[in-house]
Amino acid sequence: MTGVTIPLGSQTLTWRWADNGETVTVANALSLRADQISANDRYLGVHIYPDSTAELTFSQYLPEITPKGERIYKEKHINGR
């Protein structure tokens, strides 16, 4: 989506799993603060993880993988777990 305004402060995030339709609420607290966002940031990345936690990241270009996401990817795809 483009042109969406998201208010600062505490955020609620839910999603629905495609395989069973279950609605999940994020297990960790999410908050947006003005000091997290630089003047060049144009993208908000919402990273959802298998343990029902999430991270919000900001970037000038398309969001990159997070350190947590990199660990999960390596465990699953490289180490076969």
Side-chain angles (χ1 to χ4, degrees):
M1 299 179 104
T2 61
V4 176
T5 301
I6 300 172
L8 296 177
S10 181
Q11 303 295 312
T12 302
L13 176 64
T14 61
W15 63 91
R16 186 169 301 156
W17 290 121
D19 60 348
N20 63 10
E22 176 188 358
T23 299
V24 180
T25 300
V26 69
N28 58 314
L30 296 174
S31 183
L32 292 178
R33 298 180 324 272
D35 65 341
Q36 293 174 291
I37 308 165
S38 77
N40 294 326
D41 288 340
R42 299 286 181 256
Y43 292 91
L44 167 64
V46 179
H47 305 266
I48 299 173
Y49 302 112
D51 64 356
S52 297
T53 61
E55 289 181 274
L56 304 175
T57 62
F58 301 90
S59 62
Q60 183 177 4
Y61 305 106
L62 291 177
E64 298 288 330
I65 193 167
T66 64
K68 182 175 181 174
E70 183 73 28
R71 284 191 310 274
I72 292 168
Y73 176 82
K74 284 181 179 177
E75 287 175 9
K76 183 169 183 164
H77 291 94
I78 295 173
N79 298 330
R81 290 185 228 155

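Residues take their numbers from the sequence shown, with the count starting at 1.
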[X] versus [Y], closest heavy-atom pair with distance:
| X | Y | value |
| --- | --- | --- |
| Gln36 | Asp41 | O-OD2, 4.0 Å |
| Asn20 | Glu22 | OD1-N, 2.9 Å |
| Pro63 | Gly45 | CG-CA, 3.7 Å |

Inter-residue atom distance [X].[atom1] - [Y].[atom2], 0.5 Å rounding:
| X | Y | atom1 | atom2 | result |
| --- | --- | --- | --- | --- |
| Leu30 | Glu55 | CG | CD | 9.0 Å |
| Lys68 | His47 | NZ | NE2 | 11.5 Å |
| Asn28 | Leu13 | CG | CG | 9.0 Å |
| Ile6 | Leu44 | CD1 | CG | 4.5 Å |

(Q) Taking side-chain contact (heavy atoms from CB on, under 4.5 Å) as the definition, give me every residue that meets it alongside Arg16, ordered by chain and number, with sequence neighbours left out. (A)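 Partners of Arg16 under the side-chain contact (heavy atoms from CB on, under 4.5 Å) test: Thr23.
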
Q. Which pairs pass ring-ring contact (aromatic ring centres under 6.0 Å, His included) with one or both residues in residues 50-75, sequence neighbours excluded?
A.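 Those involving residues 50-75 are Tyr73-His77.
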
Q: Give me the other members of the hydrophobic cluster that Tyr43 sits in, counting Ile, Leu, Val, Met, Phe, Trp and Tyr linked by side-chain heavy atoms under 4.5 Å, directly or via other members.
A: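 Traced through the cluster, Tyr43 reaches Leu62.
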
Q: Count the heavy atoms belonging to other residues, nucleotides or ligands that lie under 6.0 Å from CD of Glu70, then report whether that count exceeds 12.
A: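 It does: Glu70 CD has more than 12 such atoms within range.
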
Q: Answer yes if the side chains of Asp51 and Thr53 hold a donor-acceptor pair under 3.5 Å, and no otherwise.
A: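 Present: a donor and an acceptor within the cut-off.
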
Q: Show the numbers, then the answer: is there a side chain to side chain contact (heavy atoms under 4.5 Å, CB included) between Val46 and Trp15?
A: CA-CA 11 Å; Val46 179; Trp15 63 91; over 6 Å; no

